[in-house]
Amino acid sequence: MALFKIHALRSDGQKVSLHYDNQSSSLTWQDGESVVEAKPGSFRDAAAVAVDQPGRKGVIRTLKVSLGLSCNYECSYCSQRFVPHAESSNPDDIEPFVAQLTDALIEPPERIEFWGGEPFVYWKTLKPLAERLRQLYPQASFLIITNGSLLDAEKNEWLDRMGFGVGLSHDGPGYHARGADPLDDPEKRAAIMDLYARLHPQGRISVNAMLHADNRSRAHVQAWLQERFGQDVRIGEGSFIDPYDDGGLASTFQTPADHIGFRATAYKELRLGTAASFSIGQQKIMDFVQSIRTARPASALGQKCGMDKADNIAVDLHGNVLTCQNVSAAATAPNGQSHGIGHLSNLQAVKMRTATHWSKRKDCASCPVLQLCKGSCMFLDGKLWDAGCDAAYSDNVPFLAAAIEYLTGCIPFYIEGDFREDRKDIFGQVHGVPDAPKTRVIPIQPVAA
Ligand code: SF4
Ligand code: SF4
């Protein structure tokens, strides 16, 4: 049990306190009365994967195919930047791969994702591979994540015809961390806009943006993207990056003032609705509200990316099963274990030893944002884990505050409990933070959700 006393401000300016238990998802007023009447759902405990309790794979619902980690861009915070590349894929790999895959899968996957690097670097392999998988699994939804720089009329027509959903990676004004912006190149821009015009009316394309130290305002990203893609642009991803190397570390916040400033901005934008095109706001707030309504126990929480689950699998075209799509079979996790965790030819023998479930981390069980964060990247360790956890806290605590405001009409500003002292004063209003911009609790209006 981890109990928190959440100090909050009511619309009439009165201070109130709420009690929150992140393990049983109970939220009560000071007098013990529940904020909402919970109808407990039925939950299964998540597998607590760790080096001595390896993760397994079973009936696969989401299949992530890694074509290789080559990319034509060099984003300074990319999770794949320093991952050694395994042997790259080519069209001759397709038939042996398909044979292994169809032997291994008991049921057709519901969703197939195609990942690079930049997947269109592998166009010669990607095209016949996706067509073969489409033949085999006509009902599966197809998704591809691309930076858009290699699109052209032929590829766009193909993506449309093949029924792909597309995630177009673009950070808006923060794109300079990714290098040259394809939207600045007239030919590339025309190809991106052609694909957007084809898929947007069917809700099959989102622009996926990440936040980092030089791209810290969702409202700015939204305004920038709306100018290029229209008012109704759908913005996916939307969370703060996890740091995977020194480049990623440099893109995280370095001072308490940065953290406080970011939380205050994020919360303000949520309340004003200036970041409403980001689906993450609605998702996080409603997921938390649901956790309270269903009394979701923390024991049911897997990791945030879901790659610890038995029904999610990442594979390369040589049949190697990987920790996730961002690593290769030639790479080693910070805990010394190989990211190649088994082979399609023997799915029962897959053992994921690279990951650490949040319940085995020092701070997660006693963290007030656990139900929203679900642990940072499950294979990070050491200073990268520490920086990722700090970023994840500041990223998630505004969503916690917004969800509590949605449920109670009160704005949380301080969390008391047995967790890190430097995280309790959410917006730096109680103790203040040296050099932090002064934040003010904004007059209360219900958070749109
Ligand atoms: S913010 Fe850090 S301690 Fe809290 S749940 Fe996320 S990873 Fe764990
Ligand atoms: S383990 Fe999950 S969070 Fe970490 S890099 Fe892979 S997909 Fe991302």
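All heavy atoms count here, side chains included; hydrogens, waters and symmetry mates do not. Ligands are counted one by one from 1 in listed order, and the atoms in each one are counted from 1 as well.
- Two rings, from Phe413 and Tyr267, have their centers 6.0 Å or more apart.
- Residue Asp395 is tested with Arg263, Arg218, Arg216, Lys304 for a salt bridge (charged side-chain N to carboxylate O under 4.0 Å, His left out); the sole match is Arg218.
- For ligand 1, the atoms sitting less than 4.0 Å from at least one non-hydrogen atom of Tyr393 are 1 (S), numbered in the order shown with element in parentheses.
- His259 pairs with exactly one of Tyr393, Phe253, Phe427, Phe240 by the ring pair (Phe, Tyr, Trp, His ring centres under 6.0 Å) rule, that one being Phe253.
- Closest to atom 7 (S) of ligand 1 among all protein heavy atoms lies Ser376 N, 3.3 Å.
- The nearest heavy-atom contact from the protein to atom 4 (Fe) of ligand 1 is Cys367 SG, 2.4 Å.
- A 4.5 Å side-chain heavy-atom check between Leu143 and Phe164 finds every atom pair outside the cut-off.
- Counting heavy atoms from C-beta outward, Trp385 and Arg361 have side chains that approach closer than 4.5 Å.
- Shortest contact from atom 8 (Fe) of ligand 1 to any protein heavy atom: Cys364 SG, 2.3 Å.
- The cationic atom of Arg296 (NZ for Lys, CZ for Arg) does not lie both less than 6.0 Å from the six-membered ring centre of Phe43 and within 45° of the ring axis.
- No side-chain heavy atom of Ile60 sits under 4.5 Å from any side-chain heavy atom of Asp311.
- Taking the charged nitrogens against the carboxylate oxygens, Arg423 and Glu421 have no contact shorter than 4.0 Å, which rules out a salt bridge.
- Here is the list of ligand 1 atoms found below 4.0 Å of a heavy atom in Asp363: 3 (S).
- When distances to atom 4 (Fe) of ligand 1 are checked against a cut-off of 2.8 Å, Cys389 contributes no N, O or S atom below that limit.
- When heavy-atom distances to ligand 1 are checked against a 4.0 Å cut-off, Trp385 comes that close only through its side chain, counted from C-beta outward.
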Please walk me through it: do Asp418 and Ser366 pass side-chain hydrogen bond (donor to acceptor under 3.5 Å, both in side chains)?
-> CA-CA 7 Å; Asp418 188 13; Ser366 59; over 6 Å; no
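- Protein heavy atom in closest approach to atom 5 (S) of ligand 2: Tyr244 OH, 3.1 Å.
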Stepwise side-chain hydrogen bond (donor to acceptor under 3.5 Å, both in side chains) check, Asn335 with Thr356 = CA-CA 9 Å; Asn335 70 353; Thr356 304; 5.2 Å; no
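- Shown are the protein N/O/S atoms under 2.8 Å from atom 6 (Fe) of ligand 2, given by residue and atom: Cys324 SG.
- Nearest protein neighbour of atom 6 (Fe) of ligand 1, counting heavy atoms only, is Cys373 SG, 2.4 Å.
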